[in-house]
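All remarks here apply to the structure that follows.
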Amino acid sequence: MRGRVAAHLTRFQMASRKVLCFIVARNFGDITFMSTYFRELAARGYADEYIVWTRAPMGFLFDGIPNCTVLYSKFPVGSFGNFRWRDCLAFLRSAWNVRRMRPTVSLDMVGDFRERFFARLIGSHRHLHIGWTREHPHRGIIRTPFGVGRPAVLVGPETPSVYAAYTRFVDYLLREAGLADRPGPLPPLRTHEAVPTVGLHPSASQACKLWPQSHWTQLTQALLGAGVDVVAFGAPGERDALEAQFASFGDRVRISTGSIPEFARELARLDVLVGLDSFSVHMAENVGTPSVMIVGPNDPALFAPPRAAVLSDSGGCAAWPCYNRPSCVGTAGEYVCIRSISVARVQAAVAERLLASRAAEEQVSDVAC
């Protein structure tokens, strides 16, 4: 009798446990800033157990979360463009492994119909996702042929930033779970060297996002002339291209092409990062480093990190912003939007960020004393 009661009690306890699966399958930049909000949920005890289903290179972002299992696969979403049959089989095996862990609720921060389909594959009892109205610029980036479904939060154009939208989403989830409002993020404490260090990340996944190489050269000359240390970042496979791009500066520009976790650690030691509309500025935000974000054909408000100075320009293009689907290719005005962002504007934004960072550090030191 006691054995049957104990067995029933065990099954009841297992059934009452909240097991949350976070589906974070997009590009590296998306995964980077979404991980910040997931960590907030986990830190407040939103669930009893956590499953993260993501891409293998980004698993380190979820290290140290208690009761959290991270599973990997490639996904038929994002801009990688190399999802093959064997990747499909691996994806289905990964979905089956998640399903075996019996998630009671799943979560995605995209709102695309494909993430909702992934939630069905893993057998989630309840799926929570964000929704975007037809007028919101993010709606044009994702796919919602069957509508937005039943989102937990519906975001309109009055909240153009995805960072602000995700804050609303997380606040709603915490309130729904009966948890107190989350505390505001604390500014990171830094110990800067006497000579500031500025990082440059000149690469992006699409040609329309690239700032001209001549502009990077002029910016580097200006930074070195001002006595700033410069580090140029890229992926391991981009080292030869970076060395060629910055060859005229010799050893005055350090080239760094380590792994993504190494990149994150180096970013945390920078004073400012200059990057494009790509994953690097989101990783800088993740580790607490101010950045200057150079945005071409995208809406500058859409993916702007809170610590970033965002620079954009239409260049007179009538189709701007085209949300990274340029119609100007092959014309005289090809990529005129990002080509119109001057070196002087970027240099001024870097100087402003350096001054603001130093002032904030001095203020913290004065308070501590």
Side-chain angles (χ1 to χ4, degrees), residues 26-30 78-81 135-142 157 160-163 198-223 225 230 232-235 238 241-242 244-249 253 272-282 284-285 290-305 307-353:
R26 293 283 162 163
N27 298 331
F28 290 169
D30 302 303
S79 60
F80 294 91
E135 299 77 19
H136 197 284
H138 198 272
R139 183 73 174 270
I141 296 175
I142 62 173
S161 165
V162 294
Y163 278 91
V198 173
L200 308 179
H201 189 262
S203 60
S205 59
Q206 295 172 271
C208 60
K209 294 182 176 184
L210 297 175
W211 204 40
Q213 184 169 325
S214 60
H215 288 27
W216 287 109
T217 300
Q218 293 174 45
L219 176 63
T220 304
Q221 288 173 335
L223 293 173
V230 176
F233 292 98
E238 297 170 341
L242 282 175
Q245 181 174 352
F246 293 94
S248 61
F249 300 105
V253 174
V272 178
L273 173 77
V274 182
L276 305 173
D277 180 13
S278 68
F279 120 93
S280 64
V281 293
H282 301 296
E285 181 69 22
S291 63
V292 176
M293 183 181 186
I294 304 171
V295 180
N298 217 338
D299 185 330
L302 189 56
F303 294 109
R307 290 182 181 86
V310 181
L311 306 180
S312 65
D313 197 312
S314 71
C317 178
W320 184 89
C322 64
Y323 301 102
N324 306 325
R325 298 186 180 100
S327 57
C328 60
V329 177
T331 71
E334 182 173 285
Y335 309 148
V336 66
C337 54
I338 197 159
R339 290 192 286 108
S340 298
I341 301 171
S342 69
V343 175
R345 284 183 66 192
V346 177
Q347 186 180 349
V350 170
E352 182 182 345
R353 282 297 188 229

Qualifying residue for side-chain contact (heavy atoms from CB on, under 4.5 Å) with Val274, from Leu223, Val230, Val346 | Val346
Where the side chain of Glu352 meets the backbone of Ala348, is there a donor-acceptor pair that is under 3.5 Å apart?
-> no
Atom CD1 of Ile141 and atom CG of Asn298: how far apart are they, to the nearest 0.5 Å?
-> 5.0 Å
Should Ile294 and Ile338 count as side-chain neighbours, where that means a heavy-atom distance under 4.5 Å?
-> yes
From the options Ser312, Ser327, Cys208, select the one residue that forms a side-chain contact (heavy atoms from CB on, under 4.5 Å) with Pro297.
-> Cys208
What heavy-atom pair brings Ile341 and Val295 nearest, and what distance separates the two atoms?
-> CD1-O, 3.3 Å
Nearest heavy atoms of Arg339 and Gly333, plus distance in Å = NH2-C, 3.8 Å
Sub-4.5 Å side-chain heavy-atom contact between Leu311 and Trp211 | no
Taking the side chain as C-beta and beyond, is there a heavy-atom pair between Val336 and Cys328 under 4.5 Å?
-> no
Asp313 and Gly315 have their tightest heavy-atom pair at OD1-N, 2.7 Å
Spacing of Leu219 atom CG and Arg345 atom CZ [to the nearest 0.5 Å] | 13.5 Å
Any Asp30 side-chain heavy atom under 4.5 Å of Phe303 side chain | yes
Which heavy atom of Gly296 sits nearest a heavy atom of Trp320, and at what distance?
-> O-NE1, 2.8 Å
Has the side chain of Ser291 got a donor or acceptor atom that lies under 3.5 Å from a matching backbone atom of Met293?
-> no
Angle class for the Phe249/Phe246 ring planes (parallel below 30°, perpendicular above 60°, tilted otherwise)?
-> tilted
Please report the shortest heavy-atom distance between Gly78 and Arg26, naming the atom on each side.
-> N-NH1, 4.2 Å
So, do Ser278 and Lys209 sit near enough that their side-chain heavy atoms are less than 4.5 Å apart?
-> no
Could you give me the CA-CA distance, side-chain angles and deciding distance for His201 and Leu276, then say whether side-chain contact (heavy atoms from CB on, under 4.5 Å) is met?
-> CA-CA 7 Å; His201 189 262; Leu276 305 173; over 6 Å; no
Give a yes or no answer on whether the side chain of Gln206 reaches the backbone of Asn324 with a donor-acceptor pair at less than 3.5 Å.
-> yes
I would like to know whether Leu200 and Val253 meet side-chain contact (heavy atoms from CB on, under 4.5 Å); could you show each step before the answer?
-> CA-CA 10 Å; Leu200 308 179; Val253 174; 5.9 Å; no
Here the pair of heavy atoms bringing Leu273 nearest to Ser280 is CD2-O, 3.4 Å
Backbone N/O of Arg307 and side chain of Arg353: donor-acceptor pair under 3.5 Å = yes
Leu242 versus Phe233: any side-chain heavy-atom pair under 4.5 Å?
-> no
